[in-house]
Each structure stands twice: as structure tokens, then as C-alpha cells.
2 protein chains.
Amino acid sequence: MSTSIKDVAAQAGVSVGTVSNVLNHPARVSPATVKRVQRAIGALGFVRNDAARQLRAGASRTIALIVFDAANPFFTDLARGAEDAASTEGYSVVLANTSESDERESGYLDLFEEQRVRGILISPYGDVEDRLVALKGFGIPSVLVDRVSENEKFSSVSVDDVAGGLIAVEHLLGQGRRKIGFVGGPAGIPQVRDRRHGAEKAVSQTPGAALTVFDTTATTVLEGRRIGEVIVGMAPGERPDALFAANDLVALGLLQALVVSGKLTVPDDIALVGYDDIDFATSAIVPLTSIRQPSALMGETALKLLSDEASDPQLKPQRIIFQPELVIRASA
Amino acid sequence: MSTSIKDVAAQAGVSVGTVSNVLNHPARVSPATVKRVQRAIGALGFVRNDAARQLRAGASRTIALIVFDAANPFFTDLARGAEDAASTEGYSVVLANTSESDERESGYLDLFEEQRVRGILISPYGDVEDRLVALKGFGIPSVLVDRVSENEKFSSVSVDDVAGGLIAVEHLLGQGRRKIGFVGGPAGIPQVRDRRHGAEKAVSQTPGAALTVFDTTATTVLEGRRIGEVIVGMAPGERPDALFAANDLVALGLLQALVVSGKLTVPDDIALVGYDDIDFATSAIVPLTSIRQPSALMGETALKLLSDEASDPQLKPQRIIFQPELVIRASA
DNA sequence: CTCGTTTTTTGAAACGATTCAATGCTCTGG
DNA sequence: CCAGAGCATTGAATCGTTTCAAAAAACGAG
């Protein structure tokens with residue numbers, strides 16, 4: 001049906017081996033022949049059949065990136081970093097969004113296993129480490145992103161959330177605030193837990209400082225608003241003079257509730273620090289001080305680790321932990 | 001290296017043809033044999049090699065979705081719709097994000113052509129119709145999303161943005177507002193142009209109504225804020241009593257500027273309608289009245305069209321246009 | 001002009017599945 | 001007991017590349 005390498009060979013008057021060499025190792029072929037073959041390719045509109053190539057060559061040039069929430073700006077930034085790195089290394093990245101479904105996550109793992117992708121970048125949703133071990137045995141390496149490997153079997157790229165919580169609250173303490181509120185939850189989420197631990201650590205190092213925890217059922221704008229209203233309703237003596245939110249969505253919700261009330265100003269009455277430094281943080285009513293994670297760099301790094309592991313499967317797993325960074329704006 | 005269908009056949013004591021039938025046409029094989037083969041598959045940890053399958057069978061079960069901004073909630077919703085539909089039709093969807101780069105868009109088209117994907121869902125960024133025509137001749141159909149096909153060669157799924165503009169402004173007029181402001185730009189973007197045309201149409205149908213256009217350089221929160229400050233600074237007599245924003249980001253920016261000024265209230269002094277109904281619209285300071293596009297449904301529909309076209313290439317292109325819907329909240 | 005070396009080209013053998021005509025087997029009815 | 005129908009199974013051919021040992025061609029030195 002479609003033109004194959006054989007047709008190209010006939011058209012150019014060379015053997016199929018030569019055409020293949022033009023495609024994959026041009027240096028081995030004389031310049032004149034290269035030109036002739038390329039002309040034939042152009043004339044016939046030949047497109048290499050990747051399935052056949054992969055079947056024979058064994059390895060694909062595709063890397064899969066599996067995330068559980070493609071809508072989260074953090075992941076889209078990370079994806080962009082991975083794509084950039086991939087294109088310089090000669091790989092292509094395809095994205096799979098599992099929409100927080102175990103079933104779909106496992107379905108995509110099946111798909112990519114059948115496709116024999118070169119490697120998998122994954123921010124796991126369900127419990128997939130066993131599955132990834134099997135894939136590794138099968139010759140498909142993985143690198144975890146935004147999550148460290150529990151059994152040390154995989155390389156991972158993540159951020160030190162304890163440090164993030166620490167610098168956020170240290171910043172608030174440094175401005176003389178003493179009654180700190182931590183807003184976030186549920187406590188089961190590793191990221192939330194770590195950020196809170198960092199906050200507790202900072203408070204415990206400063207005499208006279210205290211931390212109150214406001215638990216949320218999710219890290220959303222709505223939950224932030226709910227807590228914000230609670231705080232507005234508190235007696236002035238009880239009320240925190242600074243808030244650290246588990247992420248920027250929660251922080252934006254808090255901000256809205258405080259501003260709308262008309263009773264409290266940010267940062268004069270209450271200072272506020274968020275987490276993630278999403279685009280919206282800059283353009284909030286009061287531009288938000290936040291903790292930035294190097295999302296694109298994380299994607300880039302993860303891809304490089306994966307690429308290294310793909311070329312040398314013996315490589316032992318590396319754990320890379322980035323340090324977050326405080327971005328000071330108007331809210332604290 | 002890894003186990004092949006041949007190993008499974010040996011283990012189960014059947015021929016390779018039978019193993020293949022178990023995998024693809026279980027009905028043709030006796031139940032006892034199916035069971036025996038499946039046991040062998042399990043014991044050996046066999047995973048079908050998709051490259052070999054595709055090489056022989058000709059067609060892949062993968063559909064590519066190419067978008068130029070994976071961070072836009074509209075596209076992530078659309079992707080979710082497409083994925084849902086795909087899984088019921090037995091396809092898998094992989095995402096490619098071109099990040100508004102012509103070069104990358106064309107690179108992904110190359111990749112998917114080599115991979116012989118079953119079809120392509122694309123929200124084009126650059127000028128790729130010629131490229132898509134070539135792909136079609138090659139046996140790979142495409143369906144355009146959120147953009148109609150200029151040359152009628154492709155099926156498309158989009159939204160009637162003129163109608164969207166019309167119902168938005170009719171709603172404002174219905175509340176007695178007469179001095180309408182349209183905020184959006186640049187005028188070159190098809191979506192912006194159409195929404196504005198709809199607004200003009202509504203105004204022209206109502207005696208005494210007038211439309212002022214506030215041009216923006218991009219549809220962002222920042223630009224919305226900028227215009228919002230301009231409007232706050234206008235003399236009360238000149239000032240619009242209602243605003244229609246080209247999208248929700250602009251609307252949120254406007255809202256922030258108006259609220260922060262403390263001089264104007266929404267919706268009493270100025271009513272406000274946005275477009276897209278993004279998640280943030282609900283949780284804005286004043287919950288935003290907006291125009292909703294059925295993004296997930298659009299993805300679902302596009303995938304079905306593509307699936308139909310994949311099974312019958314003769315099918316003539318269909319143009320499906322959804323009607324947008326007014327979602328009334330507090331801002332107008 | 002010849003011999004040895006290097007560069008270029010050749011072509012057949014994989015890769016691992018699917019397909020399909022051919023064969024083997026099991027019933028059923030006469 | 002046999003012919004014929006209907007299932008189940010077989011296995012060789014095939015898809016379009018890449019690979020690599022071997023052949024051919026080109027080149028240089030003596």
C-alpha cells in the first residue's frame with residue numbers, strides 16, 4: 001500500500017541496506033548516494049514505518065509521561081521541561097493523563113509496556129511500585145517525579161517540602177509574626193504532611209511562636225475560603241497574625257475571604273504565604289508571596305536521569321531533591 | 001530476550017497461530033485451549049509486542065491528541081472527554097503539547113505519521129491543513145477541534161462563538177443595561193472575533209443600546225486588570241454599566257480591578273459576564289456569570305467522529321457546532 | 001600495474017506478531 | 001460404518017525495517 005524502503009531503493013538504484021544507512025548512519029554512505037536516496041525519498045513521499053523499525057531495532061525513541069492531573073499547572077510546567085530535554089536527547093514525549101483513576105493508570109502502563117517505550121516518567125497516583133519493578137525487569141526503566149521511591153529501587157526527582165514549609169514560616173517569623181496558622185489537608189497527602197512538618201520545625205525554633213493547624217478536606221480555593229471565613233470570625237486576640245497555606249489555591253481562597261470581609265487587610269493584619277507559585281499568584285488581588293518549585297527543571301532533570309538509565313540499565317537509582325525558593329510579593 | 005508468542009506456544013503445547021487467536025479472536029479457540037494458553041502467558045509473563053502486531057496488522061489502536069496549550073483548562077477537559085470515549089471504543093489516547101511552537105507541532109505530526117497512529121485529533125496552532133491532507137492520503141484521518149476546517153476537508157467540532165457573544169450580551173440587555181463594554185483582543189484570534197460579532201449583533205437589535213470595545217493585547221488576567229483600571233477612571237456618565245469579557249481570565253482581571261478600587265460594586269454598578277466557565281469562575285470574589293462550552297462533550301464527539309472515519313475513510317467530513325450555554329451566577 | 005587498505009555497497013537473515021489456506025478432528029444423520 | 005459438515009488447530013508466508021558479514025569499489029604506495 002504505502003511506499004516502503006524497498007521502493008525507495010529501486011527508485012534510487014541502490015540496495016535496501018543503503019537506504020537504511022542513509023536514514024540511520026549517513027556517515028557510512030558516500031555523499032553522492034545520500035543525495036540520490038534523499039531525492040528518491042522526497043519523490044515517493046516515503047515515511048519510515050516506526051513499527052518495523054522498532055521491531056527490528058528493539059528500542060523505541062518514545063518516552064511516556066504519566067500524571068494524575070494534567071490540569072495542574074505544576075505538571076504542565078514539568079511536562080514542558082521534560083519535552084525540552086527530550087528533544088535535545090532525540091526522544092519524543094507522549095503524555096498520559098490518568099485523571100486520578102487507578103484503573104486508567106494501570107491501563108496506560110499496559111499500553112506503554114506493549115509499545116516497549118524507552119522509559120516512563122511517572123508521578124504515581126495508585127500503588128504501582130511493584131508494577132514498575134516488573135517493567136524494569138522487562139527492560140523499561142522508570143523515574144518517579146514529585147514522589148520519592150519508597151524502596152529505593154527507582155530514581156526520583158522531587159522537592160524538599162519540609163524545607164519549603166520551613167522557609168515559608170521562617171519568613172513570617174522574621175517579620176515579627178508569632179501566631180502562625182497552617183491551612184491545609186488532608187494530612188495523609190505526603191506533600192501536605194511535609195510542608196506542615198517544616199512549619200512546625202520553624203515555630204519550634206523560635207521562642208514565643210505558636211502554630212495552629214486549620215485542616216482542610218482538599219487543597220482547593222473553596223476550602224481556603226471556608227477557613228478564611230472561620231478566621232475572620234475569630235476573636236482578635238485568638239486570631240493568627242500570619243497564615244501559611246499548603247498550596248496557592250488554598251491561599252487564594254483565604255485571600256478572597258479576608259478581602260471580601262472588609263475587616264482584615266493583607267498583609268497588615270494578616271500576612272499570607274502560599275505554595276507552588278502558580279501563575280495566578282502574581283495576579284491575585286494582593287500578589288501572593290509563595291514558595292516556588294522548579295517545575296520545568298524537575299521535568300528536565302527527570303528526563304535526563306531516565307535517558308541515562310535507558311542507556312545503562314546497571315546505573316544505580318539516584319534521588320534528586322530540589323530546594324524550593326521563597327518568592328516575596330505583597331502578601332507577606 | 002523477552003518472551004515471545006513462540007515461547008508461549010511451546011509452553012502451552014500449541015501452535016503460534018493458536019496463541020495469536022487466543023489473543024485476538026478467543027471465540028475461535030476451544031475454551032480448554034484458551035485456558036491453557038492463558039496459563040502459559042501468565043507463567044511466562046508474556047507481553048504482546050505492539051510493534052510486531054502493528055507491522056503485520058497495519059493499524060494501531062492509538063489516537064493522538066495534539067493541542068497547543070495543555071495548561072488551558074478547556075483543553076484538559078476536552079482531553080478527558082476524548083479519553084473517556086476512547087476507552088469505550090477500545091482506543092488509547094496519547095497527548096502531545098506543542099506549547100505554541102510551529103516546529104514542535106510539525107515534529108509531533110512526523111512522529112505520529114511514523115507511528116501510523118489510527119487518527120489525529122488536533123487543535124491546530126500553525127498552518128497545518130496541507131499537512132493533514134497529506135496524512136489523510138496516507139491513511140491517517142484527522143478531526144479538528146475548536147476550529148473549523150477552512151477547506152471543508154476535515155470534520156470539525158467547535159462552538160458557535162457568535163451565539164455565545166449574542167446570549168451573553170442579550171442577558172445583560174435583558175437586565176436593563178444599555179452601555180455595554182466588550183473587553184478582549186487581539187481581534188485576529190477567531191474566537192475573540194466571533195464573540196465580539198455576537199455582542200455587536202445583540203446590541204444592534206436593541207434600540208438605545210451601544211457597544212464600546214476595549215482592546216487587549218492578550219486574553220490574560222493582567223490585561224483584564226489594566227482595562228479594569230481604565231474603566232474605574234472613567235467619568236460616571238461615560239462608563240459602561242455592563243462588561244462582556246472575551247474569556248474568564250480577562251473577566252477575573254476586570255473583577256479584581258473593580259473590587260480593589262472600592263468605588264464600584266459588581267453587579268450593582270457594573271454587571272460582568274465572562275467566557276469559558278473555568279473552575280475559577282465559581283470561586284471568584286464575586287462568582288462569575290459565564291458562557292460555558294461543553295468541553296468534555298466536544299472531546300467525546302471529536303473522538304467518535306474520528307473513530308467513524310478511521311473505520312470508513314470514505315465518510316464525508318462533518319462539521320459539528322455546539323451551542324454555548326449561559327451560566328448565571330452573581331456577577332450579572 | 002599490483003597489492004594491501006579503506007571506504008562503500010550489497011543482500012539475506014532476523015525481529016515477533018497476524019493471517020489464512022490447509023489439515024485434522026468430532027459429530028450427526030442415514 | 002460412512003459421508004459430510006462444522007470446529008479447532010496448524011504452520012508457512014508476510015509486514016518493513018535494521019544489521020552485519022561479505023563482496024565490490026576506490027584509493028595509495030611502491
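Quick note on labels: first sequence line is chain A, next is B, and so on, each numbered from 1.
When rounded to the nearest whole Å, the span between CG of A/Asp50 and P of D/dT18 equals 9 Å. Straight-line distance from the CG atom of A/Leu23 to the P atom of D/dG16: 15 Å, rounded to whole Å. Computed from coordinates, the B/Lys6 NZ to C/dC15 P distance equals 7 Å when rounded to whole Å. To the nearest angstrom, P of D/dT17 lies 13 Å from CD of B/Gln54. Spacing between atom CG of B/Asn24 and atom P of C/dA17 amounts to 11 Å, rounded to whole angstrom units. Separating the CZ atom of A/Arg36 from the P atom of C/dT10 is a distance of 8 Å, rounded to the nearest angstrom. Taking atom CD1 on A/Ile41 and atom C1' on D/dT17, their separation rounds to 13 Å, with Å as the unit. Between the CZ atom of A/Phe46 and the C1' atom of D/dT18 there is a distance of 12 Å, given to the nearest Å.
Heavy-atom nearest nucleotides on DNA chain D were determined for B/Ser30 and for B/Arg116, and the one closer to the 5' end corresponds to B/Ser30. Projected onto DNA chain D by closest heavy-atom contact, B/Leu55 and B/Ala27 fall at different nucleotides, the more 5' of which corresponds to B/Ala27.
Residue A/Arg56 places no side-chain atom within donor-acceptor reach of the base of D/dT17, judged by atom type and a 3.5 Å distance cut-off alone.
Listed nucleotides: C/dT9, D/dT10, D/dT18. Nearest to the side chain of B/Ser15: D/dT10. Listed nucleotides: D/dG16, D/dT18, C/dT9. Nearest to the side chain of A/Ala52: D/dG16.
A close approach under 4.0 Å does not occur between any side-chain nitrogen or oxygen of B/Ser4 and OP1 or OP2 of C/dG16. Contact between the side-chain N/O atoms of A/Thr33 and the OP1/OP2 oxygens of C/dT9 is found at a separation under 4.0 Å. The phosphate of D/dT18 (OP1 or OP2) has no side-chain N or O of A/His25 nearer than 4.0 angstrom. Residue A/Thr18 has no polar side-chain atom (N or O) positioned under 4.0 Å from OP1 or OP2 of C/dT9. OP1 and OP2 of C/dA17 both lie 4.0 Å or more from every side-chain N or O belonging to B/Asn49.
A tilted orientation is assigned to the rings of A/Phe68 and A/Tyr125, their planes being inclined by 30° to 60°.
Across all their heavy atoms, A/Tyr108 and B/Val93 have their closest contact at OH-O, 3.0 Å.
Residue B/Val19 is classed as having no contact, given no heavy-atom separation below 4.0 Å to the nucleic acid.
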task: Output, in order, the C-alpha distance, side-chain angles, deciding distance and verdict of side chain to side chain donor-acceptor pair (under 3.5 Å) for A/Gln293 and A/Asp276.
output: CA-CA 6 Å; A/Gln293 315 192 61; A/Asp276 278 353; 2.7 Å; yes
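The 12-atom threshold is not exceeded at CG of A/Asp127, counting heavy atoms of other residues, nucleotides or ligands nearer than 6.0 Å. Remark: B/Lys136 NZ is packed, more than 12 non-hydrogen atoms of other residues, nucleotides or ligands lying under 6.0 Å away.
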